[in-house]
Each structure stands twice: as C-alpha cells, then as structure tokens.
There are 2 protein chains.
Amino acid sequence: MADLKAGVNQLFLREEELRTGMELLFYAYREFTAEPDEILEQYGFGRAHHRVIYFVGRYPKITVSELLAILKITKQSLSRVLGELVRQGFILQQTGVRDRRQRLLELTEKGNELERQLSETQRQRIARAYRMVGAEAVEGFRKVMLGMLEESDRAKFTPLAPPRLTAVKR
Amino acid sequence: MADLKAGVNQLFLREEELRTGMELLFYAYREFTAEPDEILEQYGFGRAHHRVIYFVGRYPKITVSELLAILKITKQSLSRVLGELVRQGFILQQTGVRDRRQRLLELTEKGNELERQLSETQRQRIARAYRMVGAEAVEGFRKVMLGMLEESDRAKFTPLAPPRLTAVKR
DNA sequence: ACAAATTAGTCAGCACGGTAGACATAAACG
DNA sequence: CGTTTATGTCTACCGTGCTGACTAATTTGT
C-alpha cells in the first residue's frame with residue numbers, strides 16, 4: 001500500500017514536473033522576446049530581422065547558406081528580411097574571395113549598434129537570472145537545455161564556446 | 001597584470017556564456033515546437049491551437065478572460081482558434097453558474113486525446129533531458145528559468161505545483 | 001572545354017496568427 | 001436603471017513562414 005501510494009505520488013510529481021518544464025519554456029521564451037520586439041517595431045522590423053542581425057553578428061562573414069542552415073527557413077523568407085537590412089545599411093555583403101558566388105555577410109557599424117541595443121535587454125535578463133541562482137544552477141540549466149536539443153544542434157555547443165560554424169566548405 | 005588578464009578573460013567568458021544561454025533558448029524552443037507542429041498540420045491547426053488546447057487542458061473550467069491573460073493575445077486572435085476548436089468538438093463551452101456571462105472552457109474527450117498526442121512528444125523530450133542530467137541539474141534549470149520570468153509569471157510557479165489560477169474572481 | 005552542380009536571388013501567391021477599431025449582446029453591479 | 005464587464009463578431013492590415021518557377025554567376029568534374 002505504501003509502495004503503491006508512493007508510486008502514484010511520484011507519477012503525479014513527474015507529470016507536474018514535466019508540465020512545469022513545458023510552461024517555463026513557454027513563458028520564458030515569450031518574455032525573452034518581448035522587449036526586443038518593442039524596439040524592432042520602432043524600426044519597422046520584426047523578430048525575423050532580429051534573428052538575422054543576431055547571427056550575422058555572431059558569425060561575421062557568414063554565408064547565406066550557412067545562415068539558412070542555422071535559421072532553418074527558406075531562402076525566400078530570408079531574402080525578404082536580409083534584403084531590407086542590406087538596403088537600409090545594417091548589413092554589408094561582400095563577395096567571397098575563395099568562391100565568388102558567395103555573399104559574406106557582416107554587420108555595419110549601424111547594424112552593430114542595433115544588435116547591441118536589441119540583445120542588451122536579453123543579456124541582462126539572462127545575467128540577472130544567472131546571478132540570482134549561482135554557478136551550479138547555471139550549469140544545470142545548460143545541461144538540461146542541451147539535453148532537449150537534437151544532436152545536430154547540440155554540436156554547436158560542445159566545447160562550450162568558440163563561435164565556429166560546423167565544418168562547411170567556405 | 002595577472003588581475004587584468006583574469007578580468008578580461010572573465011568578461012569574455014561572461015559574454016560567451018550569456019550568448020550561449022540566448023542560443024540555447026532559441027534552439028530549444030524551436031525543437032520543442034517542431035514535433036507538435038507536424039501533428040497539428042494533419043488537423044489543419046497551428047501552434048495557436050496547441051496553446052489553447054494545452055491551457056484549457058491544464059486549467060479545466062478556465063474562462064475566456066483568464067485564458068487571454070495567460071496567452072497575452074487579443075480576443076480577436078483567440079476567438080479565431082477557439083471558435084474552430086469548439087465547432088470541431090475539441091473544446092466544450094459551458095455557461096458559468098455564478099456568472100452566466102462566462103463561458104467555462106473544457107476539453108472534450110476528443111480534445112483530451114489530441115492534447116495528449118500533442119504534448120506527449122514534448123513531455124518525452126523534457127523527460128529525456130531530465131533523465132540525462134539528474135535531479136540537481138533539473139533544479140538548476142528550474143531556478144534559472146524562473147529567474148528569467150517577470151514577477152507576474154513567476155507567481156504561477158511559486159509553490160512548485162498545484163494548478164491554480166491566480167486569485168481572480170470566478 | 002563544356003556540362004552539371006552550386007550559390008544566390010527574384011517574383012507571385014498562399015496560410016497563419018498576431019494587431020487594431022468598431023460594434024453588439026447578455027449579464028452583473030451599484 | 002444606468003454602467004460596467006465578459007464575450008463575440010466583422011473588417012482590415014502586417015510580419016513571416018511556405019511553395020513553385022525561374023534567372024544569373026560561378027565553380028566543379030569529366
């Protein structure tokens with residue numbers, strides 16, 4: 001009887017625990033994007049612009065196809081926002097030297113400023129959370145999040161750092 | 001000199017650590033929604049339908065305004081998807097007894113089945129991650145995620161469980 | 001050298017889910 | 001009885017995904 005009760009209770013805890021995880025992800029993601037969204041609005045941009053700016057800032061000289069592989073959207077979708085960002089002087093395209101078909105993407109100074117402005121609130125939000133809980137909890141957070149990723153995405157984080165794109169011919 | 005170098009290094013680690021956090025959130029959220037999205041497609045539904053089904057399942061007898069407060073979308077947006085779900089027999093509306101203006105929402109059996117089907121993949125993904133890392137890391141994850149929320153949302157999780165809506169007149 | 005594959009871009013059209021404003025109805029409240 | 005609240009509807013717009021079809025420049029492989 002005691003065993004049965006414990007079992008049921010654990011089942012309940014488990015179910016509740018999993019739901020909590022799902023909801024934490026939902027609420028956290030929404031609040032994580034809320035502040036940048038407001039800033040973007042002032043520029044007539046949306047979340048898609050933010051993502052492009054972020055990853056171009058993260059990986060200077062990234063090619064269009066590498067960016068597509070990260071974002072997992074179609075080139076038509078990317079083209080729309082990337083085109084706006086280039087035309088409005090936030091991103092610079094340089095023809096590749098090794099392969100002149102490639103357009104290597106980079107943030108301009110203007111683009112860099114916007115990137116910093118957009119990500120600042122997010123960095124602060126994470127920094128605040130990290131500070132609140134201590135290094136051990138942060139490590140736990142990192143582990144759980146990694147555990148939720150597919151192998152392919154997980155690879156991007158393996159050494160815990162240097163921003164290198166997966167070995168792609170450049 | 002040694003101090004300075006350490007300082008710089010810590011700054012780098014910090015920046016890199018924060019970026020890692022941001023990206024973990026981005027990738028995890030995307031993969032978290034990918035599988036349900038495929039299932040939803042078969043029903044002609046989208047992510048918005050999933051959210052409604054999830055929270056109605058989570059809080060049976062929830063009112064429309066409570067649901068709006070959770071989702072933080074406009075009633076016009078909600079109305080579109082909620083209407084479809086009701087008309088197609090996934091959700092039941094009952095007139096409130098205490099307040100007959102309210103429509104208390106509940107999943108039908110059909111709705112419950114869909115909810116289980118949709119959330120199952122997500123529960124498994126979380127369960128897998130939790131299992132991979134152990135209880136301590138899970139607690140760290142929970143703490144960090146809570147730290148990223150606004151006070152208002154955090155309140156929903158405070159006792160670590162019982163699904164009770166914030167004290168709203170019902 | 002030339003054909004094939006790759007990289008990038010464009011145009012048109014569609015779906016989804018968010019927004020806003022305006023308005024309607026029923027019920028509760030004071 | 002007038003006001004407020006809860007819900008719903010109609011219209012229109014926007015951002016951001018998607019597909020399909022097509023073009024151009026460049027590299028690669030035989």
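Nothing here was measured: the structure is a model prediction, and the numbers come from that model.
Within residues 30-51 of chain B, the residues having any heavy atom under 4.0 Å from DNA chain C are, by residue number, B:G46, B:R47, B:A48, B:H49, B:R51.
B:R80 contributes a side-chain N or O that forms a donor-acceptor pair with the base of C:dG18 under 3.5 Å.
In this view, A:Q94 and A:K61, A:L92, A:E106 satisfy the side-chain contact (heavy atoms from CB on, under 4.5 Å) rule, not counting sequence neighbours. Every residue was checked against the ring-ring contact (aromatic ring centres under 6.0 Å, His included) condition with A:Y54, not counting sequence neighbours, and none meets it. Among residues two or more places apart in sequence or in another chain, the side-chain contact (heavy atoms from CB on, under 4.5 Å) test is passed with B:A127 by A:R14, A:L18, B:R131. By the ring-ring contact (aromatic ring centres under 6.0 Å, His included) test, B:Y130 is found to be paired with no residue, residues two or more places apart in sequence or in another chain being considered. Considering only residues two or more places apart in sequence or on other chains, A:Y27 meets the ring-ring contact (aromatic ring centres under 6.0 Å, His included) condition with B:F157. In this structure, the side-chain contact (heavy atoms from CB on, under 4.5 Å) partners of B:R100, at least two apart in sequence or on a different chain, are B:T95. Looking at residues two or more places apart in sequence or on another chain, you find a side-chain hydrogen bond (donor to acceptor under 3.5 Å, both in side chains) between B:E84 and B:H49.
For the ring pair (Phe, Tyr, Trp, His ring centres under 6.0 Å) condition, the pairs that include at least one residue of residues 82-110 of chain A, sequence neighbours left out, are A:F45-A:F90. Residue pairs satisfying the salt bridge (charged side-chain N to carboxylate O under 4.0 Å, His left out) criterion with at least one member in residues 22-36 of chain A, sequence neighbours excluded, are listed as follows: A:E23-B:R58, A:R30-B:D153, A:E31-A:R125, A:E35-A:R125.
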| field | Protein-to-nucleotide contact annotation, 5' to 3' order, nucleotides 19-27 of chain D [B base; S sugar-phosphate only; - none; under 4.0 Å, heavy atom] | value | BBB---BBS

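Listed candidates were D:dT16, D:dC18, C:dG9. Nearest to the side chain of A:V81 is D:dT16.
The side chain of A:S65 contributes an N or O atom lying less than 4.0 Å from OP1 or OP2 of C:dA8.
Within the 4.0 angstrom heavy-atom criterion, only backbone atoms of the sugar-phosphate kind lie near B:Q93; the bases stay farther away.
For the pair A:L85 CG and D:dG15 C1', the computed distance is 13 Å after rounding to whole Å. As a whole-Å value, the separation of A:I73 CD1 from C:dA15 C1' is 16 Å.
Comparing the local axis fitted to the first five base pairs of the helix from C:dA1-D:dT30 to C:dG30-D:dC1 with the one fitted to its last five gives a bend of 30°, rounded to 10°.
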